[in-house]
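Read through the structure below, which is laid out as structure tokens, and then see the notes.
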Amino acid sequence: MRKGSDEFIFKVHNAVSGVPELSETVIFHSGANPIKLKDIAEISRDYGETDYINRINGQPTIRLTVKKEKGVSTLKVAKTVKARLEGVMRELPEDLTLRTVDDESKEIRKNLKQLYLLVAIIFSVIFLLVLLVLKSIRPSLLVLSSVAFSVLITFNLIYFFKISLNMFTLGGLALGFGLFVDNSIVVFENVLRNRESGMPAIRAAVVGAHEVFLPVLAATLTTMSVFFSFAYFQGRLKIFYLPLAVVISSALAASLLVSFSLIPALSVRLTLIRAKVKKTESRYGFKRILSFFLRHPLEFILVMAMIFIGSYKWFRSEVTMGEFFRWYSKERLIVSVGMPPGTELRRTDEVIKKFEQKIISQDYELEVNTSIDAERGALIITFPAKIEASYRPYLLKEELIQLATNFAGISVGIYGFDPQGYSSGFGSGTFYDSQIKFYGYNLKKLKEITSSLERSLVRNPRIKEVKVVSSRFSWWRLDSFEYILKINQEALKKFDVDPQYLYFHLQSMIAGNVDIPLKGRIQGKEIDISIKFPEAEEMDLKRIQESLIRTRAGEYLRLNEIARLEEKPIAGSIDREDQQFQQTVMWEFRGPSKASQKYRKAVFSRLRLPPGFSATLETDRFMTTEEKGQIRFAIIFSLVLIFMILASLYESLIQPSFILLAVPLALIGVFIAFVIADYPFDSSAYIGVILLGGIVVNNSILLVDHINLKRKQGLPLLEAVLEGTQERIRPILLTTGTTVLGMLPLILIPFEEGKRQIWSTLALSAVGGLTSSTLFILVVIPIIYAYGDGLHRWMRMRTAEWGRAWRGFRLGKR
């Protein structure tokens, strides 16, 4: 209200004493007769409508979800929340209970305990191997202490770089324990070899460390260099693998510092106890074998080439490639139910209860969490560790699938505990194992392309069913219809019907309530007021069309006099990615998954799309084309960087080429390991291959560098190759053994039935590649070195001759 230049808020305070007074309210007059609210409506005080339902083991619950902020410790937040909840529980009525349903910190603590146990096992294995070779506890403890010092220094670097200390970074440290000890082993072994040859302790420590400084530096730099390309990773690759790269690189740098400071200083005392070891006849056995292969180099190289090609073909035929790294901490059964549009909450609850009763009736311990809203419902079933490892979850899954087959007209999905899932749609839809996504700016043309492919696919007898969907959030197509009310504008104007009134009238009839929030103060309390139309539950299309509409003049007419209803199929949704329309063609292939993948790729390769349109095989489960490109770049970049480092250290282009031969030799082991282990070759396996490129060259560096040293000491080429290889067998086998045995627990020890350890595929790549490369480089590298050196000398002579000829040519022209 206004009074002069002032504006006042006018409020009528007239509180209602209760429902009887509210029912006596006069809402309008019919002539001289007052019409009260009780004359046209029934007024009652009741609970508000339930929009969703939560239950635990069949008991109604109110769910409270607590989410932590980014960068905050999950364990710390969980501890604080639990402490606060204890205070809340003391204030609750006795018949109410507060129960933790899903505690992420509990799972993290369990995994951390398993990781600590894994670290203890890895330490023990490495210590026993070093002790077996050195045959003395004190030197073995010295070598092992280098890992502890390296890790402690790394923790400081982790804090400096502000890297989160989580399961992935801690798992990365455990993965690298065998790598961190390698530098110390090489330095100590060389000091020990000099002592065994009769050299004084201090001189043995100084000379031993000096002799291996270049190869150890080169080996560390090559291993660290493979991680430099990780800085260019984007998206998921950056999130998962960049912290791993920083952690392992930091630990390797720390291990280099420890190996040339702590190890030589303490080895002066610890190597005094070793006596000179006599060479036995068995130590010459390897020389005879290597001499034989040096006399038959071509035959051995051909055999190696055949092994490489054969293992690669075996690998491609048996191993699934391209999946993105997946790590599940907890196994569970999931039942999801989708109801047709417009289904009431009560009806959805009835269907969910049938599954819930089947689950609760089991005679063993489990927990089922139920969440329901009007058109959807989900049940998440978890089991204690003992039950989870038994046959019972699989049997329950089969029983639930059998129950799901009794329902028609609804969508049911059942997943968990094995790759085989069950899914039924509103119609005859099932889960589709193959799909291709199409993108384009012209929706009409895009539909023509997908329809053409659909017609082509249905002609294949191996294809069971084909669907085209527009939504990127659903893998089914909902074959349903919508009704469109088409209003006659001339009739609307003729009968003078208010369009806004018409909208609210129809909305109230169909939805059953007035969609306007109302509140009233009754008996001193503010209460929500809801206006409902019970007739809406019995409303059908005929009654809607015959419903009465009031004009502005107060006259009535039927809806079908001013509008008509048309039925139209729903295409799903129209989604865009990067401003492009997208549609997905899905089909179910009758046959094994490997054949399904090959057929999908064959269909994709035959596509011929017009300009402006594109297609992709990518899904969230598999690596995208961009991610594969980043991996390829990282592999090429790391190999080029390794070559550049070696070329600068050795001032040669030939010897780095010899050293890099370890990489294809390592791939043989990778191929065979994944076939035998039956692991998918996922993104972590690719990272393992990148890491492997930096590791396997280390043994080649030790070998080539020592052969060079023997030649500098005056030994002929063949004798230097034989002697240098023989003297490097022990450090090569020892460093490989510590790395391989340090990673094996990640592969061989599943703490829970059917679950792989974190970074297990990465470890499998490293273990398989290191094993094969170690066995083969002890023969291949000496052969290539012996015969490649002659080629090197020949090239140097030819280069010198060409240089003299060029200089003579230039002098002649003058």
Side-chain angles (χ1 to χ4, degrees), residues 53 55-58 320 326 328 330-340 343 347-373 375-435 462-467 469 473-479 586-596 619-621 752-755:
I53 298 172
R55 287 194 292 266
I56 299 176
N57 292 340
T320 301
R326 289 182 292 167
Y328 299 106
K330 191 173 183 65
E331 190 65 271
R332 61 189 70 189
L333 274 177
I334 298 174
V335 179
S336 63
V337 175
M339 304 294 287
T343 303
R347 174 57 184 153
T348 305
D349 189 30
E350 289 174 1
V351 175
I352 289 291
K353 278 183 176 178
K354 295 184 184 298
F355 289 96
E356 198 173 46
Q357 291 165 3
K358 169 65 74 174
I359 296 164
I360 296 174
S361 66
Q362 304 302 312
D363 59 353
Y364 50 84
E365 186 180 356
L366 54 75
E367 181 176 282
V368 54
N369 284 272
T370 307
S371 302
I372 311 168
D373 62 21
E375 298 176 4
R376 289 177 296 276
L379 301 99
I380 300 176
I381 309 118
T382 55
F383 307 87
K386 186 176 180 180
I387 301 297
E388 187 178 317
S390 70
Y391 68 92
R392 284 173 167 168
Y394 300 90
L395 183 59
L396 176 60
K397 182 179 179 180
E398 290 299 321
E399 292 177 2
L400 293 173
I401 291 174
Q402 185 64 36
L403 176 61
T405 58
N406 297 328
F407 293 93
I410 66 173
S411 172
V412 181
I414 302 173
Y415 311 98
F417 278 91
D418 57 46
Q420 185 63 39
Y422 170 84
S423 174
S424 66
F426 294 100
S428 58
T430 55
F431 179 77
Y432 302 103
D433 56 6
S434 301
Q435 69 176 49
R462 299 289 296 270
I463 303 299
K464 182 179 179 181
E465 190 174 358
V466 184
K467 298 273 187 179
V469 297
F473 302 108
S474 303
W475 45 260
W476 70 84
R477 183 181 70 186
L478 177 58
D479 293 326
M586 299 178 170
W587 67 90
E588 184 178 2
F589 184 87
R590 293 187 178 99
S593 59
K594 199 72 180 178
S596 174
T619 63
D620 290 338
R621 178 186 171 190
E752 296 183 47
E753 186 71 24
K755 296 181 183 178

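Each residue takes its place number in the sequence, starting with 1. Everything numeric here is computed off the predicted structure, so don't read it as measured data.
- For Arg376, the salt bridge (charged side-chain N to carboxylate O under 4.0 Å, His left out) test picks out Asp373, with sequence neighbours left out.
- Residues satisfying the side chain to side chain donor-acceptor pair (under 3.5 Å) test with Gln357, not counting sequence neighbours, are none.
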Distance-only donor-acceptor hits, side chain of residues 400-409, under 3.5 Å, sequence neighbours excluded:
unit_1: Thr405; atom_1: OG1; unit_2: Gln402; atom_2: O; d: 2.5

With side-chain contact (heavy atoms from CB on, under 4.5 Å) as the test, would you mind laying out the steps for Ile359 and Leu333 before giving the verdict?
CA-CA 11 Å; Ile359 296 164; Leu333 274 177; over 6 Å; no

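- Residues Ile414 and Val412 have side chains in contact (heavy-atom distance under 4.5 Å, counting atoms from C-beta outward).
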Apply the test side-chain contact (heavy atoms from CB on, under 4.5 Å) to residues Arg392 and Gln362: give CA-CA distance (whole Å), side-chain angles for both, the deciding distance (0.1 Å), then the verdict.
CA-CA 10 Å; Arg392 284 173 167 168; Gln362 304 302 312; over 6 Å; no

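- Between the side chain of Asn369 and the backbone N or O of Ile56, no donor-acceptor pair lies under 3.5 Å.
- Taking all atoms of both residues into account, the shortest heavy-atom contact from Ser361 to Lys358 is OG-O, 2.7 Å.
- Considering only heavy atoms from C-beta on, Phe589 comes within 4.5 Å of Ile463 through its side chain.
- A distance of 6.5 Å separates CG in Leu395 from OH in Tyr364, rounded to the nearest 0.5 Å.
- Qualifying salt bridge (charged side-chain N to carboxylate O under 4.0 Å, His left out) partners for Lys353, counting only residues two or more places apart in sequence or in other chains: Asp349.
- With rounding to the nearest 0.5 Å, the separation of CZ in Phe383 from OG in Ser390 is 8.0 Å.
- Glu375 pairs by the salt bridge (charged side-chain N to carboxylate O under 4.0 Å, His left out) definition with nothing, not counting sequence neighbours.
- Looking at residues two or more places apart in sequence or on another chain, you find a salt bridge (charged side-chain N to carboxylate O under 4.0 Å, His left out) between Glu367 and Arg99.
- When the side-chain contact (heavy atoms from CB on, under 4.5 Å) test is applied to Arg347, the partners found at least two apart in sequence or on another chain are Met339, Thr343, Glu350, Val351.
- Taking the side chain to side chain donor-acceptor pair (under 3.5 Å) definition, one finds that Ser371 meets it with Asn54, Arg63, sequence neighbours left out.
- Contact check for Leu366 versus Ile387: no side-chain heavy atoms found under the 4.5 Å cut-off.
- When side chains are defined from C-beta on, Pro340 counts as touching Ile410, because their heavy atoms get closer than 4.5 Å.
- Scanning both residues, Gly416 and Lys397, for their nearest heavy atoms gives O-NZ, 2.9 Å.
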